[in-house]
Amino acid sequence: MKKLMKVITIVLMIPMLLTGCIYSNTEVIINENGSGSVKAVNGFDKNILNKLGKTYQDFTSRSNESYDITSSGKKYTVGTYEDKFTNDINDSGVATISNEMGLVSLNKIHGGFELKLELHDFISKEMSYDTRFPELKDISDKTLRGMKLKDLIAQDVDGLVLKVKFNMPYEVKQVSGGTSGVYVKGKTIQLDYLKMIKSGSREWKFESIKNPGKVDPNSTLFMDVKSSAWYAKAVLEVNSKGIMKGFGDGTFKPNGTLTMAELAKIASEVAGQSIPNNPEYWAMGHILFAQDTGLFFEKKTATAKNWNVPATREQTVYAISMAAGQQDVKEVSSDSISDWNQIDDRMKYMILYAYQAGIVGGNSNGKFEPKSKVTRAEVAQILSNIKRSKK
């Protein structure tokens with residue numbers, strides 16, 4: 001596998017250094033157990049090779065076979081490389097995409113998988129180039145020296161092809177990101193990176209779930225969530241909907257404290273927004289949305305120092321209930337909340353509404369405990385209650 005990876009990396013990097021135009025068309029097959037295979041067709045613009053007086057093998061290995069193809073009227077000399085992965089999708093040729101374009105990650109979620117793609121900070125529709133790509137008549141080793149992939153993308157060089165196709169195990173749904181250059185049909189995701197970059201989007205998420213919307217209350221997804229736990233069903237529900245995710249180590253951390261940054265993301269998604277993470281500070285867009293729409297009263301600058309702090313129970317219930325919109329309600333009096341006067345006056349009406357809608361309830365002694373911290377398990381239950389009570 002390592003040897004094959006090296007060959008693939010060379011194929012993609014040599015054009016950045018020498019030939020400029022490249023052709024890269026990769027197909028990834030993902031199996032139900034999370035393993036998969038990669039088939040990459042990578043190569044060079046045939047006219048450039050001829051102008052340089054070189055062959056495909058000069059840039060890869062004398063033992064590599066090559067053949068000619070035509071795509072959109074342009075001729076390329078390419079080779080086919082195949083690879084497999086067992087657990088980590090980046091233990092394969094996909095690592096080259098992650099290294100050169102932006103991280104590709106495949107995560108297990110309840111009933112299936114989440115595929116996430118990001119762009120590196122230096123890749124954008126406004127990106128500039130450092131090395132000018134020459135006209136065909138001026139192409140030589142000298143004029144192409146120092147050429148990088150970002151230079152080719154920035155100049156929209158004719159003949160540059162950067163495409164990837166993912167064959168997922170179940171039906172696919174796009175859950176965030178733009179649609180330009182993205183084609184989803186059945187179990188297939190086809191991506192044209194050049195169009196995706198021009199769209200201005202920075203992140204894309206897809207879900208491939210075996211039985212969308214159906215959660216087995218007796219099943220477990222996270223190693224720290226037992227099926228007998230009071231919050232287990234709620235955790236599985238919100239995870240299957242993509243509102244709350246687990247961590248890379250296979251845990252959900254149900255007793256972990258929710259931060260204000262995490263609350264901003266959850267509230268924005270409950271409100272139906274699809275806001276990409278900001279490269280400067282991932283939660284910036286979510287926080288600005290919460291501030292602009294009145295979900296948050298706090299107007300501090302969106303930085304990690306200001307927002308990676310614990311969310312209180314009143315802040316959480318207020319923001320999520322506001323974001324959820326109209327709910328079915330029943331009569332509940334503020335007299336039943338023994339610590340009513342400790343709740344922020346600006347939030348009282350919405351918290352009472354949350355009680356009336358069955359979104360939240362007090363503890364055994366009738367207290368709401370507005371200033372207390374809130375756990376991820378409690379938030380999952382709040383979100384689950386909203387889902388069930390919403391029309």
Side-chain angles (χ1 to χ4, degrees), residues 1-2 4-13 16 22-42 81-109 112-124 127 149-150 153 160-170 172-184 187-209 242 245-250 274 276-279 282:
M1 180 181 294
K2 290 182 179 179
L4 191 52
M5 265 294 298
K6 183 177 180 181
V7 171
I8 294 174
T9 302
I10 289 174
V11 170
L12 286 179
M13 291 184 67
M16 300 172 208
I22 67 170
Y23 178 96
S24 179
N25 198 341
T26 303
E27 182 173 7
V28 184
I29 298 175
I30 298 169
N31 303 318
E32 290 188 355
N33 64 358
S35 65
S37 59
V38 180
K39 180 179 180 181
V41 179
N42 300 317
Y81 303 88
E82 298 183 358
D83 201 0
K84 294 182 179 181
F85 59 91
T86 303
N87 296 312
D88 186 350
I89 194 171
N90 284 295
D91 285 342
S92 69
V94 174
T96 301
I97 302 172
S98 290
N99 292 335
E100 302 300 337
M101 302 301 297
L103 182 63
V104 178
S105 57
L106 180 69
N107 301 305
K108 290 184 178 181
I109 59 176
F113 299 90
E114 175 195 72
L115 179 69
K116 180 179 178 182
L117 301 101
E118 305 172 56
L119 292 179
H120 287 312
D121 293 344
F122 59 83
I123 296 180
S124 70
M127 64 193 293
L149 180 58
K150 68 181 292 287
I153 297 173
L160 181 61
V161 176
L162 299 172
K163 296 182 178 181
V164 184
K165 178 180 179 181
F166 290 92
N167 295 306
M168 306 297 289
Y170 315 115
V172 174
K173 176 181 71 172
Q174 183 174 357
V175 296
S176 69
T179 57
S180 179
V182 178
Y183 310 93
V184 176
K187 301 178 182 180
T188 301
I189 307 166
Q190 292 185 313
L191 305 174
D192 185 329
Y193 264 94
L194 298 181
K195 292 181 179 179
M196 292 162 66
I197 294 168
K198 292 178 182 178
S199 74
S201 293
R202 307 289 307 162
E203 180 182 294
W204 297 260
K205 288 183 182 179
F206 306 87
E207 288 185 353
S208 176
I209 299 175
K245 300 290 187 179
F247 296 87
D249 60 0
S274 180
N277 289 348
N278 187 288
W282 73 268

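Along the sequence shown, residues carry numbers from 1.
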Is any side-chain heavy atom of Val182 less than 4.5 Å from a side-chain heavy atom of Met196? yes

Between Lys163 and Leu191, is any pair of side-chain heavy atoms under 4.5 Å apart? no

With sequence neighbours left out, the residues meeting side chain to side chain donor-acceptor pair (under 3.5 Å) with Thr179 are none

Answer with yes or no whether the side chains of Asn42 and Ser24 bring together a donor and an acceptor at under 3.5 Å. yes

Would Ser124 and Arg202 count as a side chain to side chain contact (heavy atoms under 4.5 Å, CB included) if you check the C-alpha gap in whole Å, the side-chain angles of each, and the deciding distance to 0.1 Å? CA-CA 8 Å; Ser124 70; Arg202 307 289 307 162; 3.6 Å; yes

Between the CD1 atom in Ile197 and the NE2 atom in His120, the distance rounded to the nearest 0.5 Å is 10.5 Å

Rounded to the nearest 0.5 angstrom, the CZ-CG distance for Phe122 and Leu149 is 8.0 Å

Any side-chain heavy-atom pair from Phe166 and Leu115 closer than 4.5 angstrom? yes

When Phe85 is tested against each of Asn31, Asn90, Ile30 for side chain to side chain contact (heavy atoms under 4.5 Å, CB included), which residue passes? Ile30

At what distance, to the nearest 0.5 angstrom, does CG of Leu194 lie from CE of Met101? 7.0 Å

Just wondering, do Leu103 and Leu117 contact through their side chains at under 4.5 Å, heavy atoms? no

Give the C-alpha distance, both sets of side-chain angles, the deciding distance and a yes or no for side chain to side chain contact (heavy atoms under 4.5 Å, CB included) between Phe206 and Lys173. CA-CA 6 Å; Phe206 306 87; Lys173 176 181 71 172; over 6 Å; no

Can you confirm whether Val164 sits close enough to Ile97 that some side-chain heavy atom of one is under 4.5 Å from a side-chain heavy atom of the other? yes

Test your reading of the model: is there a side-chain donor-acceptor pair from Thr86 to the backbone of Ser35, 3.5 Å cut-off? no

Measure the CG-OG distance between Asp88 and Ser105 for me, rounded to the nearest 0.5 Å. 9.5 Å

Donor-acceptor contact below 3.5 Å, side chain Glu207 vs main chain Ile209: no

Shortest non-hydrogen contact from Ile89 toward Val94: O-CB, 3.4 Å

Residues in salt bridge (Lys or Arg N to Asp or Glu O under 4.0 Å) contact with Glu114, at least two apart in sequence or another chain: Lys245

Check whether any side-chain heavy atom of Lys165 lies under 4.5 Å from a side-chain heavy atom of Thr26, and answer yes or no. no

Hey, could you give me the CH2/CD distance between Trp282 and Glu203, rounded to the nearest 0.5 Å? 10.5 Å

Return the NZ to OG distance between Lys84 and Ser92, rounded to the nearest 0.5 Å. 12.5 Å

The test is side chain to side chain contact (heavy atoms under 4.5 Å, CB included); show your working for Asn167 and Ile189 and say whether it passes. CA-CA 7 Å; Asn167 295 306; Ile189 307 166; over 6 Å; no

Would a 4.5 Å heavy-atom cut-off, applied to side chains only, mark Lys195 and Tyr183 as touching? yes

Counting distance only, does the side-chain N/O of Ser201 pair as donor-acceptor with the main-chain N or O of Gly178 below 3.5 Å? yes

Please test Met168 against Leu106 for side chain to side chain contact (heavy atoms under 4.5 Å, CB included), starting from the C-alpha separation and ending with a verdict. CA-CA 11 Å; Met168 306 297 289; Leu106 180 69; 4.1 Å; yes

Should Asn277 and Lys116 count as side-chain neighbours, where that means a heavy-atom distance under 4.5 Å? yes

Ser98 (side chain) donor-acceptor with Val104 (main chain) under 3.5 angstrom: yes

